[in-house]
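The figures here come from the full heavy-atom set of this structure, side chains too, leaving out hydrogens, waters and symmetry mates. Naming convention: chains lettered A, B, ... in sequence-line order (proteins, then strands); numbering from 1 in each chain.
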There are 2 protein chains.
Amino acid sequence: MKPIRVTIFEDNKHLRESLYYLISGTEGFCCSDAFADCNDLVFQLKKSMPDVVLMDIEMPGMNGIEAVKIIKQQFPQVQILMQTVFHDDDNIFNAVCAGASGYILKTTSPEGYMEAIKDVYEGGSPMTGSVARKVLALFQQNVTPKGNTDYQLTPKEKEILQQLIKGKSYKMIADVVGSSYETVRTHMKNIYAKLHVNSNTEAVLKALQEKIV
Amino acid sequence: MKPIRVTIFEDNKHLRESLYYLISGTEGFCCSDAFADCNDLVFQLKKSMPDVVLMDIEMPGMNGIEAVKIIKQQFPQVQILMQTVFHDDDNIFNAVCAGASGYILKTTSPEGYMEAIKDVYEGGSPMTGSVARKVLALFQQNVTPKGNTDYQLTPKEKEILQQLIKGKSYKMIADVVGSSYETVRTHMKNIYAKLHVNSNTEAVLKALQEKIV
DNA sequence: TTTTTTATACCGCAAATGCGGGAGGGCATC
DNA sequence: GATGCCCTCCCGCATTTGCGGTATAAAAAA
């Protein structure tokens with residue numbers, strides 16, 4: 001069983017070295033490299049070939065978020081564990097969007113660190129509870145506009161609406177669902193009535209917003 | 001220090017009772033009630049006054065997701081921990097949207113259960129690593145599609161597109177933006193050309209997806 | 001200053017859409 | 001057997017859209 005290769009990006013010398021020794025000294029892990037900044041990021045990673053990158057958010061030069069984007073683009077298989085001092089909503093949000101797989105605080109215990117590294121490596125997404133709560137909160141904010149009104153659409157109607165919100169015209173829809181153009185029109189009439197709309201765009205809008213599809 | 005009050009909703013009798021004894025038998029916890037379904041949900045909760053609700057997703061009658069919505073509406077301070085057998089994307093998504101604060105699998109160990117309950121109570125959001133990963137994945141899917149392509153829309157064009165994705169017709173748009181119907185049409189032509197679309201719906205779709213607005 | 005861009009506005013025509021109606025077949029429920 | 005629901009298809013007509021022009025004036029850029 002080969003060890004999990006970890007590369008560290010952390011500007012604080014003390015923490016960086018502590019982590020280096022912690023990881024190197026743990027059975028089953030191997031700290032392939034430790035950097036203070038993201039200069040030559042891609043080049044360094046090509047050499048290091050890590051399984052997991054431990055990335056600080058606050059860093060001089062290129063910040064952690066930018067680095068995550070680049071890493072995910074160039075080495076999509078690499079798992080990234082973010083570490084930060086603060087509970088900053090924006091940072092969490094951005095890191096998650098950029099493609100980080102885990103998010104822990106620097107106050108985490110050494111054992112916690114090692115568990116988290118193992119977890120991201122195995123496909124999990126470790127987060128300290130409060131970070132997770134923030135992610136969920138963001139998630140709820142950004143996605144909840146999910147009206148739950150039931151419009152009683154029939155399967156066929158849903159199918160057609162599905163196609164409509166892909167930008168298809170009636171003719172194309174008819175083709176896809178295997179009905180005649182006229183039939184599609186009939187369905188649309190019914191859909192409009194059920195959704196209480198009277199135009200193409202309104203239907204698309206409503207369908208997308210309320211996730212009726 | 002008063003104990004954390006937990007109410008269980010779980011249709012499986014064996015698991016329900018196991019959890020009941022587990023929670024009751026743990027220092028600092030108190031299982032205020034355990035139900036097999038969500039009948040009289042609100043009434044029962046008023047009596048139980050739990051701090052944390054342990055909710056099964058798959059249940060006869062009202063399912064767990066619906067229950068979460070109601071609980072969060074009626075008792076917003078109550079923390080909800082979902083439990084499920086499966087890793088079903090839709091369920092996770094819906095539960096999170098509905099307002100669940102944590103999400104664990106039934107295969108979780110007794111200690112894991114207790115930790116999770118404590119965690120939600122304290123404002124965290126425990127999730128098994130793989131669940132967290134799925135939530136993040138959903139998050140990334142739903143939020144990142146932030147197209148960075150620049151379509152070079154002029155202010156007026158953006159304004160008009162803005163209106164279009166509200167479901168307005170050209171006439172109505174003309175009225176809102178204070179231009180003539182014909183002018184709006186001209187702008188639309190240009191917008192379509194810039195977005196590389198050729199229908200109403202496609203434009204709305206693209207505008208919404210890429211958040212050009 | 002000349003050119004380009006933006007916003008304004010109109011005409012015309014073909015196509016698509018919205019809306020009203022009618023009509024038959026299948027299938028399940030009552 | 002009757003009723004209701006869903007899916008199917010068609011007709012007609014008024015309106016809206018998509019797309020091709022043309023054109024003017026102000027503003028911005030060259």
- Task: Would you check if the side chain of A/Lys206 reaches a backbone N or O of A/Leu195 as a donor-acceptor pair within less than 3.5 Å?
- Result: yes

- For nucleotides 8-16 of chain C, 5' to 3', base contacts (B), sugar-phosphate-only contacts (S) and non-contacts (-) with protein non-hydrogen atoms under 4.0 Å give BBBBB---S

- Query: Do the side chain of A/Asn63 and the main chain of A/Glu66 share a donor and acceptor less than 3.5 angstrom apart?
  - Reply: yes

- Judged by atom type as modelled, is there a donor-acceptor pair below 3.5 Å linking the side chain of B/Lys72 to the main-chain atoms of B/Val78? yes

- Query: Quick one: do the B/Thr183 and B/Ser180 side chains pair a donor with an acceptor below 3.5 Å?
  - Reply: yes

- Message: I need the CD1-C1' distance between B/Ile191 and C/dA7, as an integer number of Å.
- Response: 12 Å

- Item | Reference residue A/Glu157; test side chain to side chain donor-acceptor pair (under 3.5 Å); the match among A/Lys194, A/His187, A/Gln162 | A/Lys194

- Note on the structure: With sugar-phosphate taken as primed atoms, P, OP1 and OP2 and all else as base, the protein-contact string of nucleotides 24-30 of chain C at under 4.0 Å (heavy atoms; B, S, -) is -------

- Query: Which whole-number value in Å describes the distance from B/Glu159 CD to C/dT6 C1'?
  - Reply: 13 Å

- Query: Would you say the side chains of A/Gln83 and A/Lys106 form a donor-acceptor pair under 3.5 Å?
  - Reply: no

- Message: Side chains of A/Ser125 and A/Ser101 only: does a donor on one sit below 3.5 Å from an acceptor on the other?
- Response: no

- Query: Is a donor on one side and an acceptor on the other found under 3.5 Å between the side chain of A/Ser32 and the backbone of A/Val6?
  - Reply: yes

- Main-chain N/O of B/Arg5 paired to B/Asp51 side chain as donor or acceptor, under 3.5 Å: yes

- Item | Exam field: side chain B/Thr26 to backbone B/Phe29, donor-acceptor pair closer than 3.5 Å | no

- Query: chain B on DNA chain D: first and last contacting nucleotide, 5' to 3', under 4.0 Å to a heavy atom?
  - Reply: D/dT16 to D/dG21

- Message: From NZ of B/Lys158 over to P of C/dA7, roughly how many Å is that when rounded to an integer?
- Response: 11 Å

